[in-house]
Protein chains: 2
Amino acid sequence: MTFDAIDRKLIQLLQEDSKQTNKELSNKLNLSVTAVYERIKKLENHNVINKYVALINNDKIEKSFVTFCHVKLIQHTQEYVIKFEEEVANLPEVLECYHISGDYDYLLKVIVKDMGAFREFMVNRLTKINHIGSTLSMFVINEVKHTTAISI
Amino acid sequence: MTFDAIDRKLIQLLQEDSKQTNKELSNKLNLSVTAVYERIKKLENHNVINKYVALINNDKIEKSFVTFCHVKLIQHTQEYVIKFEEEVANLPEVLECYHISGDYDYLLKVIVKDMGAFREFMVNRLTKINHIGSTLSMFVINEVKHTTAISI
DNA sequence: GGTGAAATCCTCGGGGG
DNA sequence: CCCCCGAGGATTTCACC
């Protein structure tokens, strides 16, 4: 599907705050409520909008220890790769996992309570997965910027 | 604030889908609609819930080229650090920026259309910021897992 | 934490340019 | 095709138990 200027603005607005009423959106877009409603439905049906979620403050729930973790596999047979990706997907501490270029195979974003919980995670959860060659962890000292809104 | 089992379940549900009605939530939590309403308001007022957003499909809007970019500064005077963090916060291509431990100072998540746009971003936008020593880019080959929901 | 009612909103049929 | 109006039904919100 293609987007006009109004669609782009609408996507931007919903990425910033999805709890706005269609009425509020209609004011900002100079449209009727129905027109806004139909544009949103179109974006949802075309899977441009994936889902609506609540974002929570990680330090309010004792999950303020964030780590980026590089992982290298011993071998890269399809069997090993699939197994690793499956297991990682099931670890709740891993919010994100990317197959990346460079010295390591994967980059993981891990979030836990503190250093103790991270050690526990590494020893008992992550490295329990077979075929992991080596890991390299980088601890987040400060979150400078973090948005889910992709500019369009 | 402290959470009971119902709060935790509620947070989990809202992180998965914030468009559920309070009625649907009340069924899943075995509560009345009003009780759900008040619990949500409490979470919002205590900033446990930060905001509500629409998540969009990046490849549906021509932003499928994702890169993690390490950045090292030449110096680490407060002036340089503040300047860099300000400038990065204003770059729409940069969704996330973390001050991290390790060989580099910062880790950035950058999202653009394609390799050409990335080159353009590096040459004309990122490295135009003063005091940047060196960079190292890792391209995302495949997104194995990506969630905003922190398990509680 | 629950009940009930008012205010507001979502949703969709019908019609216009 | 994209937009607007209007109305029914659902939802949010709040005073009160």
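Sequence lines set the chain letters: A, B, ... in the order given, protein chains first and strands last, and positions in each chain run from 1. What you are looking at is a predicted structure, and each value in this text was computed from that prediction instead of being measured. Heavy-atom basis, side chains included; hydrogens, waters and symmetry copies ignored.
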Enumerate the residue pairs fulfilling salt bridge (charged side-chain N to carboxylate O under 4.0 Å, His left out) with a member in residues 53-64 of chain B, sequence neighbours excluded, ordered by first and then second residue.
-> B:Glu62-B:Lys113
With a cut-off of 6.0 Å (strictly less than), are more than 12 heavy atoms of other residues, nucleotides or ligands near NZ of A:Lys41?
-> yes
What's the CD1-P distance between B:Ile40 and D:dT11, to the nearest Å?
-> 14 Å
Spacing between A:Phe3 atom CZ and D:dC2 atom C1', to the nearest angstrom | 17 Å
Under 4.0 Å from any atom of DNA chain D, heavy atoms only: list the residues of residues 6-28 of chain A that qualify, in numerical order.
-> none
Scan side-chain atoms only and decide if A:Asp105 and A:His99 contain a donor-acceptor pair under the 3.5 Å cut-off.
-> no
Answer yes if A:Leu73 and B:Val144 sit in the same cluster of Ile, Leu, Val, Met, Phe, Trp and Tyr residues linked by side chain heavy atoms under 4.5 Å apart, and no otherwise.
-> yes
Paired stretches of DNA chain D - 3 or more consecutive Watson-Crick or G-U pairs, each distance under 3.5 Å | C:1-17 with D:1-17
Picking from D:dC3, C:dG2, D:dT12, the nucleotide nearest the side-chain atoms of B:Ser32 would be C:dG2
Do the rings of A:Phe139 and A:Phe118 sit parallel, tilted or perpendicular, given the 30° and 60° boundaries?
-> perpendicular
Any ion pair linking B:Lys83 and B:Glu87 (charged N to carboxylate O, less than 4.0 Å)?
-> yes
Rounded to whole Å, CZ of B:Arg39 lies from C1' of D:dT12 at a distance of 18 Å
Could you check how far CG of A:Leu31 sits from P of D:dC5, rounded to whole Å?
-> 11 Å
Inspect the surroundings of NZ in A:Lys19 and state if more than 12 heavy atoms from other residues, nucleotides or ligands are less than 6.0 Å away.
-> yes
Looking at residues at least two apart in the chain, or sitting in another chain, which of them share a ring pair (Phe, Tyr, Trp, His ring centres under 6.0 Å) with B:Tyr98?
-> A:Phe68
Does anything in residues 45-55 of chain B reach DNA chain D, meaning a heavy atom under 4.0 Å, and if so which residues?
-> none
Can we say B:Arg125 and B:Glu93 salt-bridge, meaning some charged N sits less than 4.0 Å from an Asp/Glu carboxylate O?
-> yes
After noting the C-alpha distance and the side-chain angles of A:Tyr52 and A:Glu44, does the key distance pass the side chain to side chain donor-acceptor pair (under 3.5 Å) rule?
-> CA-CA 10 Å; A:Tyr52 299 91; A:Glu44 290 171 358; 2.6 Å; yes
Is A:Asp7 salt-bridged to A:Arg39, cutoff N-O under 4.0 Å?
-> yes
Pairwise side-chain contact, A:Ile111 with A:Asn58, heavy-atom cut-off 4.5 Å (strictly under) = yes
Spacing of B:Asn130 atom CG and B:Lys128 atom NZ [to the nearest 0.5 Å] | 11.0 Å
Are there any protein N/O atoms within less than 3.5 Å of an N/O atom in nucleotides 14-17 of chain D, and if so, which ones and at what distance?
residue : atom : partner : partner atom : Å
D:dC14  : OP2  : B:Tyr37 : OH           : 2.6
D:dC14  : N4   : B:Thr34 : OG1          : 3.1

